[in-house]
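Below is one structure, written out as structure tokens; comments come after it.
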Number of protein chains: 2
Amino acid sequence: MGERFTATYRIETPKRPMDAAEAMAGEQSASTFVDVPLETPELQERHGAEIVGVTELDTVDEPSLPGAETPSGNSTATYTQAEVTLSFPFENVGVSVPQLRTTVAGNIFEIQPLSGIRLLDVEVPSEYGRECPTPQFGIEGTRELTGVADGPIVGTIVKPSVGLSPEETAGLVETLVDAGVDFIKDDELIADPPYADFEERVEAVMSVINSHEDRTGKKVMYAFNVTGTVDEMRRRHDIVRDAGGTCVMVSLNSVGLSGVRHLRSHSDLPIHGHRNGWGALSRCPHLGFEFQAYQKFWRLVGVDHLHVSGLRNKFTESDESVVASARAVQEPIPGDDGIVPVFSSGQWAGQAPDTYEVLGNTDLMYLAGGGILGHPGGPSGGVAAIKQGWEAAMADVSLSEYAETHEALRQALEVFGNRD
Amino acid sequence: MGERFTATYRIETPKRPMDAAEAMAGEQSASTFVDVPLETPELQERHGAEIVGVTELDTVDEPSLPGAETPSGNSTATYTQAEVTLSFPFENVGVSVPQLRTTVAGNIFEIQPLSGIRLLDVEVPSEYGRECPTPQFGIEGTRELTGVADGPIVGTIVKPSVGLSPEETAGLVETLVDAGVDFIKDDELIADPPYADFEERVEAVMSVINSHEDRTGKKVMYAFNVTGTVDEMRRRHDIVRDAGGTCVMVSLNSVGLSGVRHLRSHSDLPIHGHRNGWGALSRCPHLGFEFQAYQKFWRLVGVDHLHVSGLRNKFTESDESVVASARAVQEPIPGDDGIVPVFSSGQWAGQAPDTYEVLGNTDLMYLAGGGILGHPGGPSGGVAAIKQGWEAAMADVSLSEYAETHEALRQALEVFGNRD
């Protein structure tokens, strides 16, 4: 029957889970609500989605989401949670990431047999790896461009998020490159606003980064936020590349799959994927996407770096979810052998041991804002403390022990240690 | 202080609502979690988001979403729901729809002071109307292209959703145009799959539609689903236009804002916006988007028609929500005077009176699948019944009274009447 997509969901339903799975399969493939003349058994056989597995989980008394049918057939109304895996014929979609999304994550979120539906994972056929514009750089290319041969790529974010002129930004970047960061990114709130022209901003920042490279041999990677129209993104990419820049950043949910894919087709630089807006798709446990599923769509359009929040972050995501996200980003899929998870939000040396323990490698970016700028030894102390924290983690030495002989880490523990 | 954006949210918070609003304003403009040197009062004054209003609503004992801070400061822990309006300086963003989305609907969904956050509405400055590629056709252009001078534009969807060859599709289209529909659309599940080449499909379908036009003078509008990469969408648009087609359809959430905007810049045809995936952004009442907010983003990138489900639909959305969506789509925003709401899902003549009553006009598309193909008089009976239902509604005559002298409507009431 050829290659197929599979999609796995956690659902909740007032029906028998197998009946709900049948409704899901029908809605997203060859069935309609009324029999129509051309819906033949042969067409169903060739194009129908199939139920691969249904595993019942808990039952609950109240529906988690509104709008579902009410249970029938028994007097104690309950809703059953289950994990459902469907498979779809490859030829229903072909190689098309947007059509794949419509097929596995389209109207299915709104069907009445479901009072909960969350896409947990999706598996694509090998054709996708061959035909999609997969990530060009990943961890290896990023290590090469940054000159960070091993250990995490340590970085930061320009703050305040908005309001800095090109010159002020460049001044701050000078402080940060002098402090020893490997990577700097724009905040997602700035791209090309009236008060800070993109081209001027790139020129001012790259002048600092290029001078620093001339002096030290180290090229700091700066992810310029090119988020905009397709034409704007192409133009801005070229400005960055022509100024000697080595990375572009894009707000994935704001641009969308087709825009990011177009940027990738045009790009000579790694694409740093910012997932702002992700909360709207994920924060209700009974709806939306697990990151394991979500991140694959972006890799299939060629994103090299993907934000995964961080352990003990300042946002609402649990550590368990962050770990699962980071692992998923490092796992191979058709087209790439894993890309770069970007840890960010409330990060400092303190989370290094746990982060290393759960991943078992340092093929990641580790971004700190306050953890660098708020360090008592200044930004260079902040960067040093993070690098020392990772050294300790990789050597399997506790932070407090390592701090006995490493001053920057000692200061960080003193100032930030009560946060955790 | 110049023009500003405003964004209105319904939130839930363990804090005082005013404190939560301050956290929201800070996160999405000029504040960070740690004081940084360049965050001056002048910068705050110029770039900070402002709280326009906070209206307290209910309190609840349990947080609606996980991950929020726990309440402090009183022993009876409660979470307060409130409506919050923020305003943002225009110059923080400039004219950029993706950056606008990042600003009002980005990381804000994940901040710890909120246990619920839903974007209710967004207002953009008049610059957006002047500089964005706003809808080219809207209701007037669509009426002109379809030749439907008044009353709703009555249409249908090709079913089964997947699996039909170009010839089979054209055969069904022949039946449908002979039945008198004004509009036909692809299902969102088909675009350019291996089993039905897009170009062949357009040729086969447009041959039927053009012949019908030659015979009758009536040009049926067919919305071909061009969803794909930017290059694919441009190419497919040109194929449709060159074959005499008059509409392209796109799955908005699968393509994204930048891709749709690019299609619009290139397009000579109305863009039919399909919102599959909308459920993931909306179905949890405490998270995501109200359609009033969501639809504006798509109009600002030039979409002419927008799906709004329908009264007593087969999906999970309430009638109240459908009505609010349809009204919002018809209301002016900077750049357009309202576009075309597309009613679809379980529609037949039965919902015509209520739909007309709540909108007070017929500047809409009204799509029926089973309501046309499942009519006992065949597709022509189905189309006639829907048109008769709307005639009755516009004449303020009950369906049952009108059916006494209109056979197709009488049959529809008999067959579909027990659905409602």
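Source: prediction; values computed, not measured. Reckoned from all heavy atoms, side chains included, excluding hydrogens, waters and symmetry mates. Labels below follow one simple rule: chain letters A, B, ... track the order of the sequence lines, proteins then strands, and each chain is numbered from 1.
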field: Contacting moiety of A:Thr227, where chain B heavy atoms sit under 4.5 Å
entry: both
field: Under 4.5 Å from any heavy atom of chain B - which part of A:Glu317
entry: side chain
query: Any side-chain heavy atom of B:Glu27 sitting closer than 4.5 Å to one from A:Lys314?
result: yes
- request: For each of A:Leu114, A:Asp187, A:Val260, A:Ile117, tally heavy-atom pairs with chain B at distances under 4.5 Å, and name the one with the top tally.
  value: A:Leu114
query: Tell me, side chain or backbone of B:Val162 under 4.5 Å from chain A's heavy atoms, or both, or neither?
result: both
- prompt: So do B:Cys284 and A:Leu65 actually touch side chain to side chain, heavy atoms under 4.5 Å?
  reply: yes
message: As an exercise: rank B:Gly106, B:Ala68, B:Gly259 by heavy-atom pairs under 4.5 Å with chain A and give me the winner.
response: B:Gly106
Test item: B:Arg283 side-chain N/O and A:Pro66 main-chain N/O as donor-acceptor pair under 3.5 Å: yes
- prompt: Is there a donor-acceptor contact under 3.5 Å from the side chain of B:Gln99 to the main chain of A:Glu188?
  reply: yes
message: Looking at chain A, which one of B:Ser115, B:Ser318, B:Pro194 has the largest number of heavy-atom pairs inside 4.5 Å, strictly under?
response: B:Pro194
- request: Report the option among B:Ser265, B:Gly228, B:Gly116 that has the most heavy-atom pairs separated by less than 4.5 Å from atoms of chain A.
  value: B:Gly228
message: Counting heavy-atom pairs closer than 4.5 Å to chain A, which one of B:Val97, B:Asp231, B:Val301 comes out on top?
response: B:Asp231
query: What part of A:Leu100 lies closer than 4.5 angstrom to a heavy atom of chain B: side chain, backbone, both or neither?
result: neither
For B:Ser165, all residues meeting side chain to side chain contact (heavy atoms under 4.5 Å, CB included), sequence neighbours excluded: B:Glu167, B:Glu168
message: For B:Phe109, give me all partners under ring pair (Phe, Tyr, Trp, His ring centres under 6.0 Å), at least two apart in sequence or on another chain.
response: B:Phe289
- request: For each of A:Gly163, A:Gly277, A:Gly94, A:Gly256, tally heavy-atom pairs with chain B at distances under 4.5 Å, and name the one with the top tally.
  value: A:Gly163
Pick from A:Arg118, A:Gln44, A:Gln28, A:Glu69 with the largest number of heavy-atom pairs that fall under 4.5 Å of chain B: A:Gln28
message: Using modelled atom types and a 3.5 Å cut-off, is there a donor and acceptor pairing between side-chain atoms of B:Ser258 and backbone atoms of A:Val230?
response: no
query: Counting heavy-atom pairs under 4.5 Å to chain B, which of A:Ser309, A:Gly288, A:Ala191 comes out on top?
result: A:Ala191
message: So which atom in A:Ala280 and which in B:Leu281 form the shortest heavy-atom distance, rounded to 0.1 Å?
response: CB-CD2, 4.2 Å
- request: Examine whether an atom of B:Leu164 lies under 4.5 Å from a heavy atom of chain A, and if so say whether it belongs to the side chain, the backbone or both; otherwise answer neither.
  value: both
field: Atom group of B:Leu43 that falls short of 4.5 Å from chain A, counting heavy atoms
entry: side chain
message: Counting C-beta onward and ignoring hydrogens, is there a side-chain heavy-atom pair between B:Thr103 and A:Leu189 closer than 4.5 Å?
response: yes
- line: When the 4.5 angstrom heavy-atom criterion is applied to A:Leu257 and chain B, the contacting part is both
Contact origin within A:Ala105 toward chain B - heavy atom pairs under 4.5 Å: backbone
- request: Over all heavy atoms of both residues, which pair between A:Ser29 and B:Ser161 is shortest? Give the atoms and the distance, please.
  value: O-CB, 3.4 Å
- request: For the residue pair A:Arg275 and B:Glu110, establish whether any side-chain heavy-atom pair is separated by less than 4.5 Å.
  value: yes
message: Within the 4.5 Å heavy-atom criterion, are A:His274 and B:Asn107 side-chain neighbours or not?
response: yes
message: Would you compute the distance between atom CD of B:Glu232 and atom OG of A:Ser96 and round it to the nearest 0.5 angstrom?
response: 6.0 Å
- prompt: Is any side-chain heavy atom of B:Thr316 less than 4.5 Å from a side-chain heavy atom of A:Ile111?
  reply: no
task: Give, for atom CZ of A:Arg46 and atom OH of B:Tyr195, the distance between the pair rounded to the nearest 0.5 Å.
output: 9.0 Å
Closest approach of A:Gln112 to B:Phe315 (non-hydrogen atoms, all atoms of both residues): NE2-O, 2.6 Å
query: Which of these, B:Asn253, B:Asn225, B:Asn276, sits in a side-chain hydrogen bond (donor to acceptor under 3.5 Å, both in side chains) with A:Thr102?
result: B:Asn276
Segment of B:Thr229 engaging chain A (4.5 angstrom heavy-atom cut-off): both
message: Shorter than 4.5 Å, heavy atoms on both sides: which option in B:Glu42, B:Met233, B:Arg261 has the most such pairs with chain A?
response: B:Arg261
